[in-house]
Trainee: 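Have a look at the structure that comes next, please.
Every heavy atom of this structure was used, including side-chain atoms; hydrogens, water molecules and symmetry mates were not. Along the sequence shown, the residues carry numbers beginning at 1.
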Amino acid sequence: MARRIARAGFVLGLTSASVAASVVGLAPPAFAGNQISMQVHCELPLDQPPIEGEQLVTLEGPADAVRPGDKVKIRVTLGPNAGTSPIPFPGTPTTPSIELTMSGGATGTVRLQGPQMIVDIPGAPHQILIPPYEGELQIPIEATGDISLTPGKMVTTTAIFGSQVTTCFPTGPVPVSTVVKITSQDAPVNPAQGPASTTGAGPSAQSVVPAAPPSQAPVGTGSPSGPESPGPSSATIQAKSSASDSSGGGGLSGAAVFGIAAGALVLAMAVVTMLMSWRRHTEDD
């Protein structure tokens with residue numbers, strides 16, 4: 001009898017754990033965006049000739065609507081770069097950056113600069129792949145509606161024989177990759193004091209500048225310090241790596257707390273069921 005009760009408790013315990021995991025899995029995704037393809041022209045370092053080719057880019061913004069003045073996370077995922085390296089350079093310090101063009105409820109161009117990361121650069125004909133990275137975009141306080149984000153010029157700096165810069169810019173129209181939904185309700189009184197920025201080796205805030213055609217886009221340096229003398233602006237971004245984001249922010253989400261509570265309730269019901277079964281068995285004896 002004791003073995004049957006223990007076996008029933010074990011099965012019910014597994015069931016409660018499965019229910020809790022299922023509830024947690026219902027949490028909505030934090031990001032939303034689409035992968036787009038654009039043709040780029042790349043100026044390569046080390047006396048290599050320019051090259052043109054396809055570049056895949058995915059920009060992911062928040063899935064829920066935000067308010068003007070809020071800070072939102074933007075995740076950048078790049079496909080293989082059109083350029084190659086004549087020889088492999090394993091463990092190379094690399095700093096990526098990308099320009100984002102805003103349209104719709106707000107206009108302008110912002111530069112999102114990623115943190116320095118270690119990349120194993122393969123030799124030709126293998127293409128170079130930059131790891132995904134994230135940044136913070138402060139929504140302009142004057143935003144009047146949803147903001148579309150389109151990727152633009154990319155500047156990648158590598159620490160090879162000093163500092164080498166690869167610049168790639170679109171050669172034609174580029175589709176929108178993500179749309180940040182905007183709600184006008186309860187806009188913050190002082191958005192400049194938004195959430196504290198993530199600590200670490202992130203760059204300083206970047207300024208919004210008027211959008212320029214791809215052929216007239218200024219060539220950036222790719223330096224981690226960002227553009228010189230950035231002026232005050234209501235839209236700023238700060239980059240940080242995905243790894244640093246995943247290691248921070250302890251605390252449980254509402255879905256996780258609800259899942260734990262549901263699992264505990266099922267487990268308690270299992271214990272009560274076992275006790276009642278044991279009591280009936282004892283009375284029968």
Trainee: Do the charged groups of Glu99 and Arg111 touch, with an N to O distance under 4.0 Å?
Mentor: no
Trainee: Indicate the atoms forming the closest heavy-atom contact of Gly61 with Ile74, along with that distance.
Mentor: CA-CD1, 3.9 Å
Trainee: Any chain of hydrophobic side-chain contacts (each under 4.5 Å) joining Ile98 to Met38?
Mentor: yes
Trainee: If two hydrophobic side chains count as joined below 4.5 Å and joins carry through other members, does Ile130 share a cluster with Leu46?
Mentor: yes
Trainee: For a 4.5 angstrom cut-off between non-hydrogen side-chain atoms, does Leu56 reach Ile36?
Mentor: no
Trainee: Ignoring hydrogens and angles, tell me if any N or O in the side chain of Asp120 forms a donor-acceptor pair with the backbone of Gly91 under 3.5 Å.
Mentor: yes
Trainee: Look up atom OG1 in Thr95 and atom CD in Gln116, then write down how far apart they are to the nearest 0.5 Å.
Mentor: 4.5 Å
Trainee: Looking only at non-hydrogen atoms, find the nearest pair between Gly83 and Ile51 and report the distance.
Mentor: CA-CG2, 4.0 Å
Trainee: With rounding to the nearest 0.5 angstrom, report the CD to OH distance, Gln113 to Tyr133.
Mentor: 9.0 Å
Trainee: Measure across Ser85 and Ile121 and return the closest heavy-atom pair with its distance rounded to 0.1 Å.
Mentor: CB-CG2, 3.7 Å
Trainee: Indicate yes or no: at least one non-hydrogen side-chain atom of Ile118 is less than 4.5 angstrom from one of Pro93.
Mentor: yes
Trainee: Check whether Gln127 reaches the backbone of Asn81 with its side chain - one donor and one acceptor, N or O, closer than 3.5 Å.
Mentor: yes
Trainee: Minimum heavy-atom separation for Ile182 and Gly145, please, with both atom names.
Mentor: CG1-O, 3.0 Å
Trainee: State the NZ-CD distance between Lys73 and Glu60, to the nearest 0.5 angstrom.
Mentor: 12.5 Å
Trainee: Would you say that Lys71 contacts Val66 through its side chain, given a criterion of any heavy-atom pair below 4.5 Å between the two side chains?
Mentor: no
Trainee: Please find the pair of heavy atoms, one from Leu112 and one from Val76, that lie closest to each other, and give the distance.
Mentor: CD2-CG2, 3.4 Å
Trainee: Using side chain to side chain donor-acceptor pair (under 3.5 Å), reason through Glu43 and His41 one step at a time and then give a plain yes or no.
Mentor: CA-CA 7 Å; Glu43 300 289 341; His41 174 89; 2.8 Å; yes
Trainee: Please report the shortest heavy-atom distance between Pro140 and Pro68, naming the atom on each side.
Mentor: O-CB, 3.6 Å
Trainee: Check whether any side-chain heavy atom of Thr92 sits under 4.5 Å from a side-chain heavy atom of Pro90, and report yes or no.
Mentor: no
Trainee: Under 3.5 Å, is there a donor-acceptor pair between the side chain of Ser177 and the main chain of Leu59?
Mentor: yes
Trainee: So, taking the atom named OG1 in Thr107 and the one named CE in Met102, what distance separates them when rounded to the nearest 0.5 Å?
Mentor: 6.5 Å
Trainee: Scan Thr178, Ile139, Val72, Leu100 and name whichever one has a side-chain contact (heavy atoms from CB on, under 4.5 Å) with Ile147.
Mentor: Ile139
Trainee: For the hydrophobic clusters of this structure (ILVMFWY residues joined by side-chain heavy atoms under 4.5 Å, transitively), does one cluster hold both Leu78 and Met117?
Mentor: yes
Trainee: Test your reading of the model: is there a side-chain donor-acceptor pair from Gln164 to the backbone of Ile160, 3.5 Å cut-off?
Mentor: yes
Trainee: So how far is it from Ile128 CD1 to Thr156 OG1, rounded to the nearest 0.5 Å?
Mentor: 8.5 Å
Trainee: For a 4.5 angstrom cut-off between non-hydrogen side-chain atoms, does Thr158 reach Val165?
Mentor: no
Trainee: Check whether any side-chain heavy atom of Val174 lies under 4.5 Å from a side-chain heavy atom of Pro151, and answer yes or no.
Mentor: yes
Trainee: Would a 4.5 Å heavy-atom cut-off, applied to side chains only, mark Val180 and Pro62 as touching?
Mentor: yes
Trainee: Any chance the side chains of Glu54 and Ser37 put a donor and an acceptor closer than 3.5 Å?
Mentor: yes
Trainee: Hey, does the side chain of Glu52 reach the backbone of Gln39 with a donor-acceptor pair shorter than 3.5 angstrom?
Mentor: no
